[in-house]
Number of protein chains: 2
Amino acid sequence: MTTRRRTDTPEPEPATLIWERPEPAERPSPAPLSRDRIVRAAMTLADTDGLDAVSVRKVAAALDAGPMRLYGYLSTKDELLDLMAEAVHAEIADALAHDPPAADWRTTLHAHAHHMRDAALRHEWFADLLGGRPHLGPAALTTLDAALAAAARHPGLADPDAAFGAVGTLHAYTAGAVRREIAERRAHRATGLDKRQWQTSVGPYLTRMLATGRYPAVARIVAGAKTPDPATAFDTGLRHVLDGIAAVTG
Amino acid sequence: MTTRRRTDTPEPEPATLIWERPEPAERPSPAPLSRDRIVRAAMTLADTDGLDAVSVRKVAAALDAGPMRLYGYLSTKDELLDLMAEAVHAEIADALAHDPPAADWRTTLHAHAHHMRDAALRHEWFADLLGGRPHLGPAALTTLDAALAAAARHPGLADPDAAFGAVGTLHAYTAGAVRREIAERRAHRATGLDKRQWQTSVGPYLTRMLATGRYPAVARIVAGAKTPDPATAFDTGLRHVLDGIAAVTG
DNA sequence: GTATCTGTCGATACAGTGTATCGATGAGTA
DNA sequence: TACTCATCGATACACTGTATCGACAGATAC
């Protein structure tokens, strides 16, 4: 988000990060509130109406509180978004923990990527948050740790830098692929509700563009495409990435 | 952005997409304006002050025009962002066109990915726009076409779906990697200006977290990392991806 | 029990956002 | 010259994130 700064005075940001800053003691005066309840309210709001619907006012209203009440628990809206991302990372960590243990680095990383995708399908806004800011919360570190530990089991990735590079590659692919899948899903949903728009604008637009002959390769693909379902498309790319990682020779 | 809709009346969006909708004839009455000038103004604004600084009012002000003047050329701010992304795709297409012709699919795709990264380093906001919405402008289609044509030269990618999948994988990796690199660069810049903050908050935070012993793999990596420069880190991941694509056997 | 202190809550305010509306204003035509 | 008509942009509206600060409540001192 990166909105307005919070004071330009000496201390440019709170000295501690949101994940370990203590909550204010919840006094039962107006209504019991907590960082967790705030984040949960924001998440349901985002799940149902999209990330744009998450405004300080709306989240506060969902908790029967005034807008400024939240600023006792957060110091910025960006921190709320960070906490939302953390919550999803916690879901991913949970899914990882419930996986059957696998000695193979590849099945672990494969599951890892799919858990991320599943989480993004549950919470579409996660895709937008994924690469926007570094995620350093405890749950995010947990998932990162699991991925690194799995990668380290690959004989070719004994070197720390190599392992880090491999996990980074996997993360980059997953984030990019998921974001695009969500973007397409959103576009289809938006133009699918009143489907007439697709048929009257972007469909014809594309056919017109392809008819110019300037995009022969695209035209060839579009002509002969079977358009596999998103899950297998994701898996195909994932296989490429894992194949590439597997190809590393110590 | 996905802000407010523009009228909820019968036609939910303009029937034609922004890339082929004709501009209003420029009358020299107050000042010559054009979609191109608007986009350029928005781009310099975004380059210097970030994407958040691109507001209809500020762009209009940079062109000595009132805010509503722009809505003769665009029908939504999202369209402005689409046009900005298109402009960057045009830069990428230009860079591709100036590359020495290579028969090898791999060197072409390698160059492709690096051109995208270079463009994102020139225009950091591009990384945020990259996966957020489908890009269907002429320049975006041109770069896609070039990538698909290159992929088709790989004997294992004769099948259209396979070629599309490979290019999609490359795109997903590039988008994800670039976005993360930009996010890190931004974070470092933000906390590097008054570097004291890094040293007083996120640095100690991380050491505290790693000291808990809950993230042994992360700790091991951090301890023994050489932290390669971003360009070679990107290239390492790219090599993984291209290796994976190369592994496809028709 | 009263008075004072202290800290928190949240109403109000401010500067900004995207965009709908519509009166004024100008150019083009008869 | 008179009329028409499209366009420009000032104004307005509903919204955003967050700074400010008066009022109020709980704790402490006497």
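A quick note: this is a predicted structure, and the numbers were derived from the prediction, not measured. Convention: sequence-line order gives letters A, B, ...; per-chain numbering from 1.
- When rounded to the nearest whole Å, the span between CG of Leu70(A) and C1' of dA19(D) equals 15 Å.
- Atom-to-atom, CG of Asp49(A) to P of dT16(D) comes out at 12 Å; the value is rounded to the nearest Å.
- If you take CD1 of Ile38(A) and P of dG10(C), they are 11 Å apart, rounded to a whole angstrom.
- In this model, the phosphate group of dG16(C) is not approached by any side-chain N or O of Lys58(B) to a distance below 4.0 Å at OP1 or OP2.
- Partners of His171(A) according to the ring-ring contact (aromatic ring centres under 6.0 Å, His included) rule, which considers only residues two or more places apart in sequence or in another chain, are His112(A).
- Residue Asp52(A) contributes atom CG, which lies 16 Å from atom P of dT17(C) at whole-angstrom precision.
- One interatomic measurement links the two molecules: OH of Tyr71(A) to P of dT16(D), which rounds to 11 Å at whole-angstrom precision.
- In this structure, Tyr73(B) places its OH atom 10 Å from P of dT7(D), rounding to the nearest Å.
- Listed nucleotides dT16(D), dC8(D), dA20(C) differ in distance to Met68(B); the shortest reach to its side chain belongs to dA20(C).
- Between Met209(A) and Leu141(B), the closest side-chain pair of non-hydrogen atoms falls below 4.5 Å.
- Between Leu81(A) atom CG and dT18(D) atom C1' the separation is 15 Å, expressed in whole Å.
- Taking 4.0 Å as the cut-off between side-chain N and carboxylate O, Asp36(A) and Arg40(A) count as a salt-bridged pair.
- The CG atom of Leu80(B) sits 14 Å away from the C1' atom of dT17(C) (whole-angstrom rounding).
- Nearest nucleotide to the side chain of Thr76(A), out of dT16(D), dT18(D), dG10(C): dT18(D).
- Partners of Phe234(B) according to the ring-ring contact (aromatic ring centres under 6.0 Å, His included) rule, which considers only residues two or more places apart in sequence or in another chain, are His114(B), Tyr173(B).
- With dG10(C), dG9(D), dG17(D) as the candidates, the nucleotide lying closest to the side chain of Arg69(A) is dG10(C).
- Of all nucleotides listed (dT21(C), dA19(D), dA12(D)), dA12(D) comes nearest to the side chain of Arg57(B).
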